[in-house]
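In what follows, a single structure is set out as structure tokens and then discussed.
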Amino acid sequence: MKAIVDPDICIGCGLCADTCPGVYRMEGDKAVTCVDLIPAEQHECARKGAEECPVEAIKIADSA
Ligand code: F3S
């Protein structure tokens with residue numbers, strides 16, 4: 001599983017990084033992912049971070 005933050009959509013609210021710091025971190029005023037392939041124990045947290053994004057900037061790719 002991967003998470004992709006679209007920098008054109010992200011408004012830098014920081015909620016994803018607060019919710020799941022093991023997967024998302026802030027780089028300047030945009031979120032980026034800290035890991036390429038998200039380990040199984042972080043899946044739930046990664047999804048929650050994506051769901052909480054107010055502008056839906058995070059896409060979760062399950063198959064990758
Ligand atoms: Fe950006 Fe959404 Fe995270 S706006 S900082 S991707 S919660």
Side-chain angles (χ1 to χ4, degrees):
M1 178 176 151
K2 289 186 178 192
I4 301 124
V5 181
D6 187 331
D8 294 332
I9 301 176
C10 174
I11 54 168
C13 79
L15 215 57
C16 55
D18 283 349
T19 305
C20 193
V23 175
Y24 308 107
R25 65 180 167 83
M26 299 310 291
E27 202 171 88
D29 61 353
K30 302 285 177 184
V32 294
T33 49
C34 325
V35 287
D36 184 25
L37 272 179
I38 300 168
E41 65 270 19
Q42 297 272 12
H43 282 186
E44 198 182 325
C45 168
R47 277 186 212 285
K48 194 155 182 274
E51 279 164 18
E52 296 203 345
C53 176
V55 292
E56 296 180 15
I58 304 170
K59 297 274 172 285
I60 299 287
D62 277 307
S63 52

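One-based numbering, in listed order, for ligands and for the atoms of each.
Taking each heavy atom of M1 and I60 in turn, the nearest pair found is CE-CG2, 3.6 Å.
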What side-chain donor-acceptor pairs closer than 3.5 Å can you find for residues 4-31, not counting sequence neighbours?
unit_1	atom_1	unit_2	atom_2	d
D6	OD1	D8	N	2.8
T19	OG1	L15	O	2.7
T19	OG1	E52	OE1	3.1
Y24	OH	A46	O	2.8
R25	NH1	E27	OE2	3.1
R25	NH2	E27	OE2	3.4
K30	NZ	P7	O	2.9
K30	NZ	C10	O	2.9

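In this structure, I38 and R47 have side chains that are not in contact, with every pair of non-hydrogen atoms separated by 4.5 Å or more.
Using a 4.0 Å cut-off to heavy atoms of V55, the atoms of ligand 1 that qualify are 4 (S).
Of the inter-residue distances, the one linking K2 atom NZ with T33 atom OG1 reads 9.0 Å to the nearest 0.5 angstrom.
Listed by chain and number, the protein N, O or S atoms at a distance under 2.8 Å from atom 3 (Fe) of ligand 1 are C16 SG.
The closest protein non-hydrogen atom to atom 4 (S) of ligand 1 is I11 N, 3.3 Å.
Around the CD atom of E41, the shell of radius 6.0 Å holds more than 12 heavy atoms that belong to other residues, nucleotides or ligands.
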